[in-house]
2 protein chains.
Amino acid sequence: MKQDGQIDEVDRRILSALQADASLSHQDLAERVGASSASCWRRIKALEAAGILTRTVRLVDPAQVGRGVNVLCNIRMRSHAREARAAFEHFVDGRPEIVECFSMSGEWDYLIRIVVADVEDYNRFLMQTLLGHPSVAGAASHFALSMTKYTTAIPL
Amino acid sequence: MKQDGQIDEVDRRILSALQADASLSHQDLAERVGASSASCWRRIKALEAAGILTRTVRLVDPAQVGRGVNVLCNIRMRSHAREARAAFEHFVDGRPEIVECFSMSGEWDYLIRIVVADVEDYNRFLMQTLLGHPSVAGAASHFALSMTKYTTAIPL
DNA sequence: CATGAAAGCCATGGTAA
DNA sequence: TTACCATGGCTTTCATG
């Protein structure tokens, strides 16, 4: 990355490579993106400092640890007051089975994705946890039959 | 992991730690989960061999690279024939702006998440790319106002 | 059979020119 | 950019519970 904060072609290649496989050594990465190892290292530091390149995470196969079922759930709030929204979002934050939450335009207020073991597991979550929250007025759950694509890579 | 393939408490701690931060060294990891470095190493190898622990990826801040807008889009297929589904899923695979795709139960056939720069960008994608696909009969797009939670960590 | 401790080797990151 | 060097992490061995 040049000092003007712009991302150039080499930066893009670095980001793409690291999004696909962060276990690459700087040397492998260097030859893959067509730059020197030292240059790669400096660019990575700059991208981290700029907050563009964030965490390094290891992925776990959900099905293998008993979380093979995805449910997408639309949520309607009882109130749109700031406190109600903050309370709900804080609640979402604290529930590890909720892996994604979007505040939505349109007829529903939120869309969340939940990973569960099975239908019964979801029933428990819905009845006891989600619908028990004071901010939640209603929910419409949709089960995923399969996840045909999942990537953490943002296109560049 | 014992030879029976079961995941014990230490394995769970290893998985949790690596899901949160895969840049930990085996030694740091070891003391964090309360085991020796060698034991940690063996367990990680076993978890990889079992396919439980998969890729290591680096995350990129979508907003910083001009992909700050999320759109959730329900899709109805023209046909449910196997070839039509395969063709659509292959198409999804090849479009990097589509980061997630679920085959759904209920009134819609698929739910996809798309990351775009702005509304105009999405308009282009919808009109020229998505609706241009022969398998797609219709689509209902919902814009996310914000992403309040996103994690790659599966609860254990 | 899994673990913890210990040690050596090698690759790697970081820094120099 | 290239080259180098020292650091430290990965991997194995071995004894133990």
Side-chain angles (χ1 to χ4, degrees), chain A residues 1-67 152-154 156, chain B residues 1-61 64-65 151-156:
Chain A
M1 176 163 38
K2 309 305 191 308
Q3 66 193 30
D4 58 4
Q6 284 307 303
I7 293 181
D8 67 10
E9 185 54 34
V10 176
D11 285 326
R12 251 194 296 277
R13 283 203 287 266
I14 289 175
L15 292 174
S16 287
L18 292 180
Q19 283 193 117
D21 181 6
S23 68
L24 284 171
S25 73
H26 285 180
Q27 305 180 18
D28 287 347
L29 180 63
E31 66 182 39
R32 191 164 304 198
V33 304
S36 74
S37 158
S39 171
C40 249
W41 180 79
R42 274 190 300 266
R43 286 169 178 270
I44 288 173
K45 286 296 168 213
L47 290 166
E48 286 170 349
I52 297 173
L53 203 43
T54 60
R55 294 181 312 145
T56 304
V57 298
R58 198 76 195 256
L59 303 183
V60 166
D61 182 348
Q64 293 242 40
V65 293
R67 295 283 180 170
T152 57
I154 306 300
L156 305 164
Chain B
M1 175 163 39
K2 310 307 191 307
Q3 67 194 33
D4 58 4
Q6 284 307 302
I7 293 179
D8 66 11
E9 186 54 35
V10 176
D11 285 326
R12 252 194 297 278
R13 282 203 287 264
I14 290 175
L15 292 174
S16 287
L18 292 180
Q19 282 194 118
D21 181 4
S23 68
L24 285 171
S25 72
H26 286 179
Q27 303 179 18
D28 287 345
L29 181 64
E31 66 182 40
R32 192 163 304 198
V33 305
S36 73
S37 160
S39 174
C40 252
W41 179 81
R42 278 189 296 263
R43 284 168 179 272
I44 288 172
K45 285 297 167 211
L47 290 166
E48 286 170 346
I52 297 173
L53 204 43
T54 60
R55 294 181 312 146
T56 304
V57 299
R58 199 76 195 254
L59 302 183
V60 167
D61 182 349
Q64 295 241 38
V65 293
T151 180
T152 57
I154 306 300
L156 304 164

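Labels below follow one simple rule: chain letters A, B, ... track the order of the sequence lines, proteins then strands, and each chain is numbered from 1.
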**Request:** Report yes if some heavy atom in the side chain of A/Val60 is under 4.5 Å from a heavy atom in the side chain of B/Thr54; otherwise report no.
**Result:**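 Side-chain contact under 4.5 Å: no.
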
**Asked** Can you find a pair of side-chain heavy atoms, one from A/Val57 and one from B/Asp21, that are under 4.5 Å apart?
**Response**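 Heavy-atom side-chain distance check fails, nothing below 4.5 Å.
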
**Prompt:** Any salt bridge between A/Arg43 and A/Glu48, counting N to O under 4.0 Å?
**Reply:**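 No.
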
**Prompt:** Distance check: side-chain N/O of B/Ser39 vs OP1/OP2 of C/dG4, anything under 4.0 Å?
**Reply:**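 Answer is yes, contact under 4.0 Å.
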
Closest non-hydrogen atom pair, [X] against [Y]:
{"X": "B/Ser36", "Y": "B/Ser39", "value": "OG-N, 3.1 Å"}
{"X": "A/Gln19", "Y": "A/Thr152", "value": "OE1-O, 3.7 Å"}
{"X": "A/Ala30", "Y": "A/Cys40", "value": "CA-SG, 3.7 Å"}
{"X": "A/Asp61", "Y": "B/Gly51", "value": "CB-O, 3.5 Å"}

**Candidates A/Ile52, A/Val10, A/Ile44, A/Ile154 - the one meeting side-chain contact (heavy atoms from CB on, under 4.5 Å) with A/Leu15** =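 The residue from A/Ile52, A/Val10, A/Ile44, A/Ile154 that satisfies side-chain contact (heavy atoms from CB on, under 4.5 Å) with A/Leu15 turns out to be A/Ile52.
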
**Asked** Using a cut-off of 4.0 Å between protein heavy atoms and nucleotide atoms, how would you tag nucleotides 10-17 of chain C 5' to 3' with B, S and -?
**Response** --SBSB--

**Asked** What are the bounds, 5' to 3', of the part of DNA chain D that sits under 4.0 Å from heavy atoms of chain A?
**Response**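 Answer, 5' to 3': D/dT1 to D/dT2.
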
